[in-house]
Amino acid sequence: MSTPEPEPWRDPERYKTGKLTICLGCGNSCRKTHWGAWCYGCNVERIERINKTFADLMK
């Protein structure tokens, strides 16, 4: 059985390319990704918060 792929937004390698910008969460320098101008830490926290909100709505 193969190991499942991690969610793409949890892969820190995906945050190493893109145009240099300022993170919308913490204000530090980061790279703009498919998820917008969010650094790795802020984006993971943001997506987990969004996922929890949707899970709560599904209950």
Side-chain angles (χ1 to χ4, degrees):
M1 187 154 119
S2 66
T3 306
E5 287 281 323
E7 294 90 348
W9 47 269
R10 283 188 188 256
D11 181 3
E13 292 299 313
R14 294 181 183 248
Y15 294 81
K16 292 183 178 180
T17 61
K19 183 179 176 186
L20 196 58
T21 190
I22 302 298
C23 176
L24 296 172
C26 65
N28 291 327
S29 178
C30 70
R31 301 279 177 179
K32 188 171 183 180
T33 66
H34 300 288
W35 303 281
W38 298 89
C39 70
Y40 174 75
C42 289
N43 194 53
V44 169
E45 181 180 305
R46 180 178 76 98
I47 297 293
E48 287 176 347
R49 187 173 56 244
I50 291 168
N51 285 348
K52 183 183 180 314
T53 299
F54 280 122
D56 290 346
L57 289 171
M58 294 289 291
K59 290 180 183 178

Practice task
Classify the ring geometry between Trp35 and Tyr15 as parallel (under 30°), tilted (30 to 60°) or perpendicular (over 60°).
Solution key: parallel

Exercise for the section: For side chain to side chain contact (heavy atoms under 4.5 Å, CB included), just list the numbers for Ile22 and Cys30, CA-CA rounded to whole Å, side-chain angles, deciding distance to a tenth of an Å, and then say yes or no. Expected result: CA-CA 6 Å; Ile22 302 298; Cys30 70; over 6 Å; no

Problem - Spacing of Ile47 atom CD1 and Arg49 atom CZ [to the nearest 0.5 Å] - result: 9.0 Å

Exercise for the section: Only pairs at least two apart or in different chains count here, so list each salt bridge (charged side-chain N to carboxylate O under 4.0 Å, His left out) that has a residue in residues 11-26. Expected result: Asp11-Arg14, Glu13-Lys16

Practice task
With the side chain counted from C-beta on, respond yes when Leu20 and Arg31 share a heavy-atom pair under 4.5 Å apart, and no when they do not.
Solution key: yes

Handout entry: Lys52 bridged to Glu48 by N-O distance under 4.0 Å
Key = no

Handout entry: Pairwise distance OG1(Thr21) to CG(Asn28) - rounded to 0.5 angstrom
Key = 12.0 Å

Problem - Donor-acceptor contact below 3.5 Å, side chain Tyr40 vs main chain Arg10 - result: yes

Exercise for the section: Drop me the distance from Leu24's CG to Asn43's CG, to the nearest 0.5 angstrom. Expected result: 10.0 Å

Completion exercise
Between Trp38 and Cys23 the two heavy atoms that sit nearest each other are CA-SG, 3.9 Å

